[in-house]
Each structure stands twice: as C-alpha cells, then as structure tokens.
Visitor: 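Okay, here's the structure, questions in a sec.
Each chain gets a letter, A, B and so on, in the order its sequence line appears, and its residues count up from 1.
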Amino acid sequence: MDIEAKYRMASLYVGDLHADVTEDLLFKKFSAAGPVLSIRICRDVVTRRSLGYAYVNFLKLADAQKALDTMNFDMMKGKSIRLMWSQRDAHLRKSGVGNVFIKNLDKSIDNKILHEHFSAFGKILSSKVMSDDQGSKGYGFVHFQNQSAADRAIEEMNGKLFKDCRVFVGRFKNRKDREAELRSKASSAFTNVYIKNFGDHMDDERLKEVFSKYGNTLSVKVMTDSSGKSKGFGFVSFDSHEAAKKAVEEMNGKAINGQPIFVGRAQKKGERQAELKQMFEQMKKERIRGRQGVKLYIKNLDDTIDDEKLRKEFSSFGSISRVKVMQEEGQSKGFGLVCFSSSEEATKAMAEMNGRILGSKALNIALAQRH
DNA sequence: CATGAGCGT
C-alpha cells in the first residue's frame, strides 16, 4: 500500500472548528489517542483564515478509531468539534441517503446524547444538534451510513418520547425540496385571497360584493392607513379552497376602478419576504454581472503559468476583461483570476477547464466571491 | 416552529 492510501485510511475530518483553533492545539489534543502523522487546518488561500475544518492523520487506523469514539463533540475554544472519517467522495456526503432530521428535541439533549441514542439504529457518519449561544435550538441531524439504518431510526423514534419531548424523526429534505413542498401544500389548500391595485375607492362592503359570487366569505378586509383611506390592497377569506381558487382564476387581471387588479393566494409574511428577498438578490446579481462580468477564481496553478499563458488558455471561451496570476516576489502564488464579460462564457470556461492539467497540475476553478 | 455542513497533501 502506498503512503497516501495509508493516510487516507487513518484520516479524520474535524469540522465545526472555532476559527482560533491552531494546528498545535489539534496536535496536542489528538496525540492523546496515538501518534499523529500530520495535521492540516484548511484555510482561505487569500486571507489564511481557518475555514473551520481540518484533517488529522494518524499513523494507525486503530488510533483514529479511538479518537473518533472518544473525542467526538469535545469542546475546543468553546465550540463542539465534529469528527468524521475523511470522505473525499462528495457524492457520498451530499446525496442525502441515510440522512435524518429530528425536531422537538428536549433542550437538555446535546450532541453526545443524540449520537449515543441514535447509534442504536446503525452506523452514523455524522450527527449534530443545532445550537447557538443560548444552547440547543431543539432540532438536529443524524446522517447514517445506510438508508436502512435511517429507516429503522424513523420507524422506531418518530413520535416517541425522547427525554421529555415527543420528537419528530423523518428523512432530511434539503432547502429547495422543502420550500417546493411547502409551496405546493399551501397552494393546494389556500382559502385566503390577497387582492391589490384596486386604488383608493374601495371599502369592505364593496370588496365583499365583488368576491361573494365565488363562495361564502368568512372575512373581507380592505387595509387602510391611520386616516381610514384605502391602501389599495386587502384580503378575502373564503370558507372553501374551491371558492378561493375560483376567485383567483376569474378575478386576477380584471379591471376594477379602471385598472387591472392582482388577485392571488395570500402568503404569510415570512413567505412573501423570502420571495422578495430572492427576487431582489437575483436582480442584484444580474446588475453586477451586466456591469463587471463574471470572475473565475483559478486555484492549484502550476508555477510556470503566468498572466499571458493563463489568458491564452481561456481566450477561446469568450472575451476576457482581466487576467491575473497572484505573485509574491516574482513567484506565482498558485492561484489567480480570469474575468469574462458574460456568465455564459464563464460557465463554459468552468465546465471545460475545471480539472484540466496545465503544466503538471489540475486546475481547480470556482466563481470568485463578490463583496 | 425547526430540514447543517460539506473534504487536503
């Protein structure tokens, strides 16, 4: 077996690290489990700030196992560290297979208790109780190695008492899936309708008249300012989803007081705010893109690559407004920037060039962070 | 009420 393979076998990933945790501190801590070959805290290439995770490579597999069994969730600089086997295959970590979400956790349940309890159902890759400076946030995650273990945990624990709380245990859903699910649930059952753009000359009475033909209304409200003047929008709550749906279908875009009104499902404040925020951010992104193009951040550059060579390699993908290989005392720092005038060009360049060997090293390309 | 983070020499 080559050295690298040996490293991988006895290599632990250490996550959730406080930014002030040093290699030295990690070395001292993990040496208690057995001889440590090397430690690496991953840092931002530019700022050298800790990215909050590290690798600890043990000489012996058994020592790594011992560290995993005895040191997971230990506190360092006031933060609970999270240990996993180093797993470089991103797919295995991100597919969501075996990942379980738990809510309504008793506040007294911490990382160690959660891990201990759920390990009865199978091997755990990673687990965590979400917390802030006030302590547990009452929910967390257990990522099992197999879906079958996750299914057992859900089957055995969902709806059961865990300490003093009845917990929900279910499959983990990522944010996108969850939002889509919530939206579809809301839109398939809504009874409350939001109406806007009907101007100043509207009151509850008249709004009720307009919308009553779609069904029984439970409440009708034109929102007003402090002087009692209409703010141009309001709500009609129906007693059935069918009536609300029909009102939206037939009234949206119809003219009232000479202008087309908007009629749609009434959203909760948070939902509306999230939607606006997303729209705003999308617009901002497009504005910035239009003005200054898209920057690609090129890492793992061979020392022999300079500005001119880098430009030449990327020039076929579109118009490049700027190229820069970062240098120190005339020596490449191994990373740089290429700025394209459109996102299409940048995307194409990234797709084609990521992993491409230049000189003796494989390029690592990412979108540069804006600030 | 609640759906992380995220992998190098």
Side-chain angles (χ1 to χ4, degrees), chain A residues 2-19 23 26 36-45 48 50-58 64 68 72-73 79-107 109-111 114-115 118 124-132 134-144 150 153-154 158 162 165-183 185-186 268-271 274 299-300 334-335 355 360-362 364 366:
Chain A
D2 61 31
I3 297 266
E4 263 190 47
K6 243 184 203 162
Y7 265 45
R8 273 199 296 278
M9 279 185 58
S11 191
L12 293 183
Y13 167 90
V14 189
D16 297 348
L17 280 179
H18 189 289
E23 280 85 352
L26 287 172
V36 170
L37 276 175
S38 63
I39 301 256
R40 180 182 185 84
I41 294 177
C42 296
R43 297 175 185 281
D44 183 280
V45 195
R48 304 309 296 162
S50 165
L51 294 173
Y53 66 91
Y55 298 94
V56 179
N57 301 307
F58 285 92
L68 188 63
N72 199 9
F73 306 122
K79 270 189 86 181
S80 168
I81 62 172
R82 184 166 50 89
L83 300 182
M84 299 168 66
W85 288 110
S86 169
Q87 172 56 70
R88 303 201 59 196
D89 183 344
H91 174 74
L92 291 175
R93 280 179 281 120
K94 297 185 186 179
S95 71
V97 173
N99 204 0
V100 163
F101 168 67
I102 303 145
K103 68 181 173 184
N104 207 32
L105 278 170
D106 190 286
K107 297 283 190 247
I109 290 166
D110 62 13
N111 280 317
L114 183 79
H115 190 279
F118 278 81
I124 295 173
L125 298 178
S126 163
S127 75
K128 182 173 182 171
V129 174
M130 296 309 285
S131 63
D132 53 24
Q134 318 285 347
S136 165
K137 287 161 96 170
Y139 69 98
F141 309 88
V142 177
H143 196 161
F144 289 98
I154 292 168
N158 186 32
F162 185 17
C165 293
R166 222 167 267 291
V167 288
F168 168 91
V169 182
R171 278 186 184 219
F172 169 76
K173 293 165 189 159
N174 65 33
R175 197 162 94 195
K176 229 172 78 191
D177 290 352
R178 175 150 176 78
E179 276 171 7
E181 190 179 86
L182 285 175
R183 257 196 311 277
K185 208 183 263 177
K268 284 188 178 154
K269 199 170 179 184
E271 189 187 0
K299 287 189 289 187
N300 204 32
F335 66 97
S360 62
K361 292 165 88 174
N364 180 326

Visitor: Report the distance from atom OH of A:Tyr139 to atom P of B:dT3, rounded to the nearest whole Å.
Guide: 5 Å
Visitor: As a test of reading the structure: which of B:dC7, B:dT3, B:dT9 is closest to the side chain of A:Tyr13, going by heavy atoms?
Guide: B:dC7
Visitor: Considering every strand and a 4.0 Å limit on heavy-atom distances, what is the contact class for A:Asn99: base, sugar-phosphate, or nothing?
Guide: base
Visitor: Measuring from A:Asn57:CG to A:Ile39:CD1, what's the distance to the nearest 0.5 Å?
Guide: 8.0 Å
Visitor: Is any NZ, NE, NH1 or NH2 atom of the basic residue among A:Glu23 and A:Arg43 found under 4.0 Å from an Asp or Glu carboxylate oxygen of the other?
Guide: yes
Visitor: As a check on the pairing definition, encode DNA chain B in dot-bracket form, counting Watson-Crick and G-U wobble pairs whose two distances are under 3.5 Å, and using | for partners outside this strand.
Guide: .........
Visitor: Among all residues two or more places apart in sequence or in another chain, which pass the salt bridge (charged side-chain N to carboxylate O under 4.0 Å, His left out) test with A:Arg48?
Guide: none
Visitor: Got a donor-acceptor pair under 3.5 Å from the side chain of A:Asn104 to the base of B:dA2?
Guide: yes
Visitor: List in chain and number order the residues that pass salt bridge (charged side-chain N to carboxylate O under 4.0 Å, His left out) with A:Arg82, two or more places apart in sequence or in another chain; answer none if no residue qualifies.
Guide: A:Asp16
Visitor: Check ring pair (Phe, Tyr, Trp, His ring centres under 6.0 Å) between A:Tyr55 and all other residues, then give those that pass, not counting sequence neighbours.
Guide: none
Visitor: Just the rounded figure in Å: distance from P of B:dG8 to CH2 of A:Trp85.
Guide: 18 Å
Visitor: Starting at NZ of A:Lys107 and ending at P of B:dA2, how long is that distance when rounded to a whole Å?
Guide: 13 Å
Visitor: Whole angstrom is fine here: how far is it from CG in A:Leu125 over to C1' in B:dA5?
Guide: 13 Å
Visitor: Measuring from the side chain of A:Lys128 (C-beta onward, heavy atoms only), which nucleotide among B:dG8, B:dA2, B:dG4 has the closest atom?
Guide: B:dG4
Visitor: Ignoring the backbone of A:Lys173, work out which of B:dT3, B:dT9, B:dC7 is nearest its side chain.
Guide: B:dT3
Visitor: Can you check whether A:Arg93 has a side-chain N or O nearer than 4.0 Å to OP1 or OP2 of B:dC7?
Guide: yes
Visitor: Go through the structure and list residues passing ring pair (Phe, Tyr, Trp, His ring centres under 6.0 Å) with A:Phe118, not counting sequence neighbours.
Guide: A:Phe121
Visitor: Let me spell it out: for each of A:Asn364 and A:Ser127, pick the nucleotide of DNA chain B with the closest heavy atom. Which residue's pick is nearer the 5' end?
Guide: A:Ser127
Visitor: Looking at A:Phe168, is A:Lys103 sitting on its ring face, NZ or CZ under 6.0 Å from the six-membered ring centre and within 45 degrees of the normal?
Guide: yes
Visitor: In terms of side-chain heavy atoms of A:His143, which of B:dG8, B:dT3, B:dG6 is nearest?
Guide: B:dG6
Visitor: Side chain of A:Phe172: nearest nucleotide among B:dG8, B:dT3, B:dG6?
Guide: B:dT3
Visitor: What is the distance, to the nearest angstrom, from the CD1 atom on A:Ile102 to the C1' atom on B:dT3?
Guide: 11 Å
Visitor: Using the aromatic ring of A:Phe101 (for Trp, its six-membered ring), decide whether it stacks on the base of B:dT3 within the limits of 5.5 Å and 30°.
Guide: yes
Visitor: Would you mind reading off the distance between A:Lys299 atom NZ and B:dG8 atom C1', rounded to a whole angstrom?
Guide: 11 Å
Visitor: Counting only side-chain N and O atoms of A:Arg178, is one of them less than 4.0 Å from OP1 or OP2 of B:dT3?
Guide: yes
Visitor: Whole Å only: how far is the CZ atom of A:Arg175 from the P atom of B:dC1?
Guide: 21 Å
Visitor: Can you name the residues that form a ring pair (Phe, Tyr, Trp, His ring centres under 6.0 Å) with A:Phe335, not counting sequence neighbours?
Guide: A:Tyr297
Visitor: Can you tell me which nucleotide in B:dG8, B:dG4, B:dG6 comes closest to the side chain of A:Arg40?
Guide: B:dG8
Visitor: Does the B:dG6 base have a donor-acceptor partner in the side chain of A:Ser126 within less than 3.5 Å?
Guide: no
Visitor: Using atom CG of A:Leu105 as one end and atom P of B:dG4 as the other, report the distance to the nearest whole Å.
Guide: 15 Å
Visitor: Indicate, with a heavy-atom threshold strictly under 4.0 Å, whether A:Tyr55 touches base, sugar-phosphate, or nothing.
Guide: base
